[in-house]
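What you see is a predicted model; the values in this text were computed from it and never measured. Numbering starts at 1 and runs along the sequence shown.
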Amino acid sequence: MPYRIYVDGEWIAASGGEAIPVVNPATEEVVAEVPRSGAKDVARAVEAAAAALPAWAARPAAERAALCAAVAAALQERAEELADTIVNELGMPLPLTRLIQVGAPIRTFASMPEVAAEVGFEERLGGSVVYRDPIGVVGAITPWNYPLHQIAAKVAPALTAGCTVVLKPSEVTPLNAFVLADVMHEVGFPRGVFNLVSGTGPEAGEALAAHPLVDMISFTGSTRAGRRVAELAAAGVKRTALELGGKSPNVLLDDLDDAAFEDAVRKGVGACFLNSGQTCSALTRLLVPRERLLDAERIATDEARICTPGDPRDPGTRLGPLVSAVQRDRVREHLRAAAEDGATTLTGGPDAPDGLERGFYVRPTVLTDVAPQARIAQEEIFGPVLVILPYSGEDEAVRIANGTPYGLAAGVRAADPARAHRVARRLRAGQIRINDGAHNGLAPFGGFKQSGYGREYGRFGLEEFLTTTSVQL
Ligand code: NAD
């Protein structure tokens with residue numbers, strides 16, 4: 001199928017006629033080509049979104065939310081096609097793709113009626129009425145690692161809030177966004193309310209962030225690109241929400257018995273390696289009491305060796321390839337540099353994994369003898385790489401945990417839940433898991449420090465797209 005951009009309710013050709021290849025990371029084959037939109041295409045999409053805004057913003061929130069729920073139902077019907085598409089462009093193992101990459105965005109769209117009902121769109125305040133109004137035209141720029149999930153986190157609440165949207169998905173994994181646009185069309189969103197332009201960050205992304213008719217940019221991606229987007233948006237005094245990178249700690253406290261400690265290390269390795277380590281909130285620094293360092297090293301090594309990388313379509317595979325050759329090479333370079341800096345590689349390392357001639361695979365790696373300030377313990381690697389850091393006493397654990405430029409997520413494991421909670425409250429991170437607390441798709445998600453600002457999901461996520469008008473009576 002020839003991919004076209006979706007603007008003002010129609011599928012149209014992008015102006016330049018150039019294309020971006022989409023590569024299957026397990027086979028290295030080009031699976032599709034999508035339009036490489038430029039500033040002209042972005043402008044058409046933004047103008048359509050601006051024209052559609054007044055009528056869409058005037059619709060009752062419950063109606064807007066109901067259309068999002070219809071999107072969830074239509075995505076569900078195409079769940080298998082979506083899973084297949086995302087495995088092709090991202091390389092995450094198929095069962096996990098079904099569960100997370102397809103399941104989570106469907107749940108986000110489906111949650112909109114419940115979430116909209118929680119927001120008070122109008123309230124009396126003394127002699128005034130305060131309305132909570134949509135911020136306006138939203139430019140949504142999203143990454144490749146949980147592609148449809150990140151899109152849903154912006155598009156569903158923005159539309160429910162009464163905003164209109166221009167989406168610029170990652171050029172690395174854009175295909176799922178085309179399925180979504182098809183679904184949006186099918187369920188009957190009015191023309192111009194949702195628009196899709198595929199393209200690169202420096203071209204389509206920057207044009208969107210700089211366009212004068214865009215009122216807000218909601219960005220998820222690297223800290224580097226987020227900084228650039230915020231600079232461009234600042235020139236037009238636009239609101240921005242930035243969901244950026246992380247280097248999150250997983251703190252195991254010293255009251256765990258042997259069995260609980262082993263379980264915590266094994267689960268910590270598994271969580272770090274989810275999606276081949278390409279998870280912004282991955283707990284990539286395992287903090288253990290110094291007297292248990294040797295045990296942690298032994299257990300983590302054993303667990304990492306179980307996670308052999310392989311074909312994402314093979315039912316036994318837990319770890320697929322990395323998304324691209326660029327990403328694979330970046331991770332291997334980090335591993336080489338860490339070894340040169342004195343880190344000990346317990347398992348894994350920069351060499352290609354055995355028996356995989358094709359595909360962007362990296363060996364799952366566990367490193368120790370790493371100083372908390374070393375580059376490998378400070379920078380986001382975005383590959384299957386775990387660093388073990390010993391600490392002496394709770395205060396040092398907290399200091400190391402908080403001692404990076406990031407603050408996206410954290411984990412705390414302890415036998416005493418009250419103690420775990422006390423330590424968790426000292427951590428500067430947007431979401432913290434205590435003793436493997438279950439994921440909550442309606443709880444706010446976002447960062448401290450250079451992990452960004454703004455929150456996604458549930459009521460907090462919807463409120464990001466609202467502003468207020470007060471009318472004095
Ligand atoms: P990236 O920053 O390279 O790209 C993200 C998006 O921004 C893409 O659509 C890209 O085209 C666009 N972009 C790139 N440069 C741009 C520019 N100059 N102007 C405008 N847009 C630009 O990130 P990525 O490699 O796709 O994703 C990985 C990063 O995303 C990691 O750092 C990860 O931690 C982060 N991430 C954060 C969250 C979160 O919620 N905090 C979630 C997922 C991923």
Student: Does N176 reach the main-chain N or O of T173 with its side chain, forming a donor-acceptor pair under 3.5 Å?
Tutor: yes

Student: Can you name the nearest heavy-atom pair linking A300 to V366, along with the distance?
Tutor: O-CG2, 3.9 Å

Student: Ignoring hydrogens and geometry, is there a side-chain-to-backbone donor-acceptor pair from T279 to G277 under 3.5 Å?
Tutor: no

Student: Would a distance-only check, ignoring hydrogens and angles, find a side-chain to backbone donor-acceptor pair under 3.5 Å from K168 to A204?
Tutor: no

Student: From the options V331, D354, L319, T347, select the one residue that forms a side chain to side chain contact (heavy atoms under 4.5 Å, CB included) with R363.
Tutor: D354

Student: Test T404 against Q378 for side-chain hydrogen bond (donor to acceptor under 3.5 Å, both in side chains), laying out the working first.
Tutor: CA-CA 6 Å; T404 76; Q378 288 285 315; 5.3 Å; no

Student: Where the side chain of N275 meets the backbone of N145, is there a donor-acceptor pair that is under 3.5 Å apart?
Tutor: yes

Student: Please give me the minimum heavy-atom distance between P174 and E171, naming the atom from each residue.
Tutor: CD-O, 3.6 Å

Student: So does P289 get a backbone contact from the side chain of D254, meaning a donor-acceptor N/O pair under 3.5 Å?
Tutor: no

Student: Charged N to carboxylate O below 4.0 Å: is that the case for R413 and D263?
Tutor: yes

Student: Does the ring of F261 carry R292 above it, NZ/CZ under 6.0 angstrom from centre and within 45° of its axis?
Tutor: yes

Student: When you look at M216 and T240, which way does the side-chain contact (heavy atoms from CB on, under 4.5 Å) test go after all the steps?
Tutor: CA-CA 6 Å; M216 171 175 174; T240 47; over 6 Å; no

Student: Got a donor-acceptor contact below 3.5 angstrom from the K238 side chain to the V214 backbone?
Tutor: yes

Student: Testing the 3.5 Å rule here: is there a donor-acceptor pair between the side chains of Y361 and S276?
Tutor: no

Student: Side chain to side chain contact (heavy atoms under 4.5 Å, CB included) with P169: which of L148, I141, T142?
Tutor: T142

Student: So, do F178 and Y3 have ring centers that fall under 6.0 Å from each other?
Tutor: yes

Student: Would a distance-only check, ignoring hydrogens and angles, find a side-chain to backbone donor-acceptor pair under 3.5 Å from R239 to L466?
Tutor: yes

Student: Report the C-alpha separation of R375 and H334 in whole Å, then their side-chain angles, then the decisive distance to 0.1 Å, and conclude whether the side-chain contact (heavy atoms from CB on, under 4.5 Å) test is met.
Tutor: CA-CA 9 Å; R375 267 189 65 196; H334 270 294; 3.6 Å; yes

Student: Verify, without hydrogens or angle tests, whether E29 (side chain) and N24 (backbone) share a donor-acceptor contact under 3.5 angstrom.
Tutor: no

Student: How are the rings of Y6 and H185 set to each other: parallel, tilted or perpendicular (split at 30° and 60°)?
Tutor: perpendicular

Student: Kindly say whether P309 contributes a backbone atom to a donor-acceptor pair with the side chain of R318 at under 3.5 angstrom?
Tutor: no

Student: What I want to find out is whether R336 reaches E340 closely enough, with some N-O distance under 4.0 Å, to be called a salt bridge.
Tutor: no

Student: Please determine whether a side-chain nitrogen of the Lys or Arg among E379 and K247 lies less than 4.0 Å from a carboxylate oxygen of the Asp or Glu.
Tutor: no

Student: Taking atom CZ of F448 as the centre, does the number of heavy atoms from other residues, nucleotides or ligands within less than 6.0 Å exceed 12?
Tutor: yes

Student: For R290 and S392, which I'm curious about, is there any donor-acceptor pair between the side chains at under 3.5 Å?
Tutor: yes

Student: Please check: side-chain N/O of Q450 versus main-chain N/O of T223, any donor-acceptor pairing under 3.5 Å?
Tutor: no

Student: Could you walk me through whether T220 and E456 pass side-chain contact (heavy atoms from CB on, under 4.5 Å), step by step?
Tutor: CA-CA 10 Å; T220 300; E456 293 194 314; 4.0 Å; yes

Student: For residues Y457 and H149, establish whether the separation of their ring centroids is below 6.0 Å.
Tutor: yes

Student: Hey, mind stepping through R305 and D302 against salt bridge (charged side-chain N to carboxylate O under 4.0 Å, His left out) and telling me if it holds?
Tutor: CA-CA 5 Å; R305 287 190 178 142; D302 184 60; over 6 Å; no

Student: Go through the steps for E262 and R266 under the test salt bridge (charged side-chain N to carboxylate O under 4.0 Å, His left out), then give the verdict.
Tutor: CA-CA 6 Å; E262 171 156 356; R266 288 193 186 278; 2.9 Å; yes

Student: Would V138 and K154 count as a side-chain contact (heavy atoms from CB on, under 4.5 Å) if you check the C-alpha gap in whole Å, the side-chain angles of each, and the deciding distance to 0.1 Å?
Tutor: CA-CA 9 Å; V138 171; K154 301 180 185 318; 6.0 Å; no

